[in-house]
Amino acid sequence: MADNDRPRVRYEKRDRVAYVTLDRPEVLNAMDQRTHEELAAIWDDVEADDEVLVVVLTGAGERSFSVGQDLRERARIDAGGAAATTFGSRGQPGWPRLTERFGLAKPLIARVNGYALGGGFELALACDIVVASENAEFALPEARLGLVPGAGGVFRLARQLPLKTAMGYLLTGRRLEARTALRFGLVNQVVPAERLDEAVREWTDDLLRAAPLAVRAIKEAALRSLNLPLPEAFSAEYAWERRRRLGSDVVEGPRAFAENREPQWRDR
């Protein structure tokens, strides 16, 4: 099947986990406009399906998570006289993209194999947990191309690293090896490539043991309160926390502990 005819993304659901795989390994999983359109439909489904509790995002093949924007397609679009893009994806195919779905409450794991460059790195930065193989490399090379990291890389890297460190990588496009990214706290775990799936499975298993509404409430509160003064963080209203507090699992956890058994979560 020709590249123009086949899907750009594989989407599978198994045992309450959604697996989203960028599937253009022949171009290192570069993302064209059709990729973004397919991803938008997938994120809509992830949010709507109560049986999906965890999402794993990865790239096909062993060489690349994603090298970001399909620059060959971008060059063709530019040649057609299209206006230059800027921060965010509003008005572009696939809006809102993952990097702008600020209310997506289900936990996302990035399984990073090989290159995570440009928009690929920005996808990883938008995930909650990042598990990388030892051969992973991260970079935002946009400045070298006359571009900006418009899918949030400018903003997220400056929040997730000390500012001077982030500026060094943003302004030069230098690459971070997996172990360096781990040392800076950009990834949660680095493992040999042959252990990558096992490590991701350990994270999904741990997430599935937790109460779904508690996980979503914690994620929402942590992310929404980042820039709030501490007293305001305590007093703010959080939608998922309200659902957790009014649900049945709020008593199931302590009861299961008291009865020395595994909890049976029911709330979604």
Side-chain angles (χ1 to χ4, degrees), residues 9-22 31 35-59 65-66 89 94-112 116 119-132 151-152 156 159-160 186-189 196-197 199-226 236-250 252-253 262-268:
V9 186
R10 295 202 311 268
Y11 182 41
E12 307 164 87
K13 303 176 191 178
R14 301 192 303 273
D15 302 323
R16 298 171 294 169
V17 180
Y19 295 88
V20 181
T21 305
L22 304 173
M31 293 178 285
T35 302
H36 290 299
E37 290 172 347
E38 292 181 16
L39 283 171
I42 288 169
W43 302 132
D44 286 345
D45 186 78
V46 162
E47 292 188 279
D49 190 343
D50 287 340
E51 294 306 307
V52 170
L53 303 184
V54 181
V55 184
V56 175
L57 174 63
T58 193
F65 175 74
S66 173
S89 60
W95 183 84
R97 298 176 184 176
L98 176 63
T99 48
E100 293 167 83
R101 291 194 179 227
F102 305 112
L104 207 167
K106 298 176 184 180
L108 295 134
I109 300 174
R111 174 194 177 276
V112 180
F121 190 11
E122 290 172 308
L123 285 178
L125 288 169
C127 290
D128 304 299
I129 294 168
V130 180
V131 184
R156 286 192 169 95
R159 284 165 168 76
Q160 295 181 27
L186 288 174
V187 304
N188 298 80
Q189 187 176 10
L196 187 56
D197 288 328
V200 169
R201 187 164 54 250
E202 290 168 355
W203 283 99
T204 59
D205 287 348
D206 283 345
L207 286 166
L208 291 172
R209 289 189 187 99
L213 292 194
V215 169
R216 296 173 204 175
I218 291 168
K219 174 176 174 176
E220 179 190 31
L223 295 179
R224 278 195 51 210
S225 67
L226 280 174
E237 288 291 326
Y238 304 104
W240 283 104
E241 168 53 10
R242 186 175 189 278
R243 288 183 61 173
R244 180 204 67 84
R245 191 173 71 250
L246 298 177
S248 61
D249 287 347
V250 71
E252 168 62 10
E262 289 294 318
Q264 301 297 311
W265 309 123
R266 295 179 176 83
D267 296 337
R268 296 289 187 269

What residues form a side-chain contact (heavy atoms from CB on, under 4.5 Å) with T99, not counting sequence neighbours?
R97, E122, L123, A126, A151, R156
What are the two closest non-hydrogen atoms of V46 and Y11, and how far apart are they?
CG2-OH, 3.5 Å
Those residues at least two apart in sequence (or on a different chain) that pass salt bridge (charged side-chain N to carboxylate O under 4.0 Å, His left out) with E241 are R244
I'd like to know if the side chain of E220 reaches the main chain of A239, judged simply by a donor and an acceptor atom lying under 3.5 Å from each other, with no hydrogens or angles considered.
yes
4.5 Å side-chain heavy-atom contact, I109 and V17:
no
Check R111 against V56 and note the closest heavy-atom contact, atom names and distance.
CB-CG1, 4.1 Å
Could you check if a side-chain atom of R14 sits within less than 4.5 angstrom of a side-chain atom of T204, using non-hydrogen atoms only?
no
So, do R216 and K106 sit near enough that their side-chain heavy atoms are less than 4.5 Å apart?
yes
Using every non-hydrogen atom in the two residues, find where F65 and A116 come nearest and quote the distance to one decimal.
CD2-CB, 4.0 Å
For residues L186 and Q160, determine if any side-chain heavy atom of one lies less than 4.5 Å from a side-chain heavy atom of the other.
yes
In short, L213 meets R243 closest at the heavy-atom pair CD1-O, 3.7 Å
I'd like to check the side-chain hydrogen bond (donor to acceptor under 3.5 Å, both in side chains) partners of T21; sequence neighbours left out, ordered by chain and number.
none
Check whether any side-chain heavy atom of L223 sits under 4.5 Å from a side-chain heavy atom of F102, and report yes or no.
no
Please determine whether the number of non-hydrogen atoms from other residues, nucleotides or ligands lying under 6.0 Å from atom CD of E12 exceeds 12.
yes
Taking only residues two or more places apart in sequence, or in another chain, which ones meet R266 in a side-chain contact (heavy atoms from CB on, under 4.5 Å)?
S248, D249, E252, Q264
Contacts of D206 that satisfy side-chain contact (heavy atoms from CB on, under 4.5 Å) - sequence neighbours left out:
R209
Hey, does D128 have a side-chain heavy atom less than 4.5 Å from the side chain of W203?
no
Going by the rule side-chain contact (heavy atoms from CB on, under 4.5 Å), which residues pair with I218 if we only count those two or more places apart in sequence or in a different chain?
none
Rounding to 0.5 Å, atoms NZ (K219) and CG (L104) come to a distance of 5.5 Å
